[in-house]
Amino acid sequence: MTLRLRFWGTRGSVPAPGPDTVRYGGNTPCVEVRTDADRLIILDAGTGIRELGRSLIARANGSGIHGDIFLTHAHWDHIQGIPFFAPIFQPGNHFTIWGSKDLGTSIDRVVRDQMSPVVFPVAFETLAAHVDFSEIAEERRDGDGFAVTAFAVRHPGGALGYRFSDRDGMGASFVYISDNELGSAETYHTAPDWDERVVQFVKGAKVLVHDATYTAEEYAQHRGWGHSTYRDAVTLALAAGVEQLVLFHHRPERTDDELDQRLAECQAWVTERGGALRVVAASEGMTLTV
Ligand SMILES: [Zn+2]
Ligand SMILES: [Zn+2]
C-alpha cells in the first residue's frame with residue numbers, strides 16, 4: 001500500500017499567520033491522505049482544511065467529493081475549519097466525520113454546536129452535502145482499501161492517535177499523533193503500561209507524525225497541557241524503529257528560524273544516538289509518500 005500525504009495545517013493551538021511563520025505555515029492541523037485507490041482521508045479539521053476544500057473542489061471538476069475525516073479530538077484547533085470547508089456546502093458530496101467514543105459528548109453534537117446560530121451564521125442542518133458521523137474507540141476499523149487503528153493518547157479531555165496500514169497489515173504504516181503528552185504520566189489516567197503500549201502502537205511505522213510543541217525549558221512551565229517536547233518525540237520514534245519522524249503541532253510562537261534550529265537539534269540527537277531515523281518538520285504544502 002502506498003499513501004500520499006499533503007500537509008495543509010501544521011500549527012498547534014491557534015492559527016499563527018504572519019511574516020515569521022511563512023515557511024512552516026500558520027494554519028492549524030489538517031493532513032490530506034490518499035490511498036492507492038485515491039480514497040480521500042482527512043486528518044483533523046483545523047484551519048488548514050479551508051484551503052484543502054478549495055483544492056478538492058478544483059480537482060473534482062464538478063464530480064462528487066467523498067471522504068473520511070478522522071478527528072483526533074474536538075479541541076478548537078482540530079475542528080475550527082469545518083464550517084469553512086467549502087465542499088460541505090455543495091450537493092453531491094459525502095463525508096463521514098470520525099471522532100472518539102470517549103468525548104464525554106458526541107462528535108456529532110460538538111460539530112453541530114460549532115455551527116449554532118450564537119456562534120456561526122449557517123446552521124449545520126442546512127448543509128447541502130451529506131455529512132454523517134461515526135464514533136471510534138481503541139480498535140481497528142477496515143476502510144475502503146485501508147485499515148485504521150485508534151489508540152488513546154495523553155491529552156486533557158482525551159485524544160486519539162491513528163495508525164493506517166494495509167488491511168492485511170503487511171505494507172508500510174503511517175501513524176498520526178497530533179496532540180500527546182509523552183512526558184507526564186502522573187497527569188493522566190492511562191494504564192501503567194501505557195509507555196510500552198505507545199511504542200508498540202508506533203512500532204516500525206514508515207512515517208510518524210507527532211506532537212513536538214515544546215523545548216524542555218518551555219515544557220517545565222506547561223506540564224499537564226497535553227503536549228510533548230522535541231526530545232520526547234525523537235525518543236519515541238527511535239524506540240519504535242520509525243523510518244521518518246515529522247515534527248508537528250508547532251507552537252504558535254515558534255518562528256520559522258527557531259523551528260530550523262529545533263529541527264537541527266533533533267537531527268543532532270539522532271546522530272548522537274547512532275540512529276538511522278530521518279527527522280523533518282511539517283510545513284504547509286509539504287508532501288510525503290508512505
Ligand atoms: Zn491541538
Ligand atoms: Zn488538543
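Note that ligands are numbered from 1 as they come in the structure, with each ligand's atoms numbered from 1 the same way.
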Please list every donor-acceptor pair under 3.5 Å in which a side-chain atom of residues 280-290 meets a protein atom from a residue at least two apart or in another chain.
from	atom 1	to	atom 2	distance (Å)
Glu284	OE1	Asn27	ND2	3.4
Glu284	OE2	Gly26	N	3.0
Glu284	OE2	Asn27	N	2.9
Glu284	OE2	Asn27	ND2	3.3

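Side chain to side chain, Tyr188 and Glu181 meet the donor-acceptor criterion of an N or O pair below 3.5 Å.
Follow the hydrophobic side-chain contacts under 4.5 Å out from Phe164 and you reach Val207 in the same cluster.
For the Zn ion (ligand 2), the nearby protein N/O/S atoms, meaning those under 2.8 Å, are His73 NE2, His75 ND1, His155 NE2, Asp179 OD2.
Ion pair Asp257/Arg23 flagged as a salt bridge, since at least one NZ, NE, NH1 or NH2 atom sits closer than 4.0 Å to an Asp/Glu carboxylate oxygen.
The stretch residues 58-68 participates, sequence neighbours left out, in these salt bridge (Lys or Arg N to Asp or Glu O under 4.0 Å) pairs: Glu32-Arg59, Arg39-Asp68.
In this structure Trp98 satisfies the ring-ring contact (aromatic ring centres under 6.0 Å, His included) test together with Phe70, sequence neighbours excluded.
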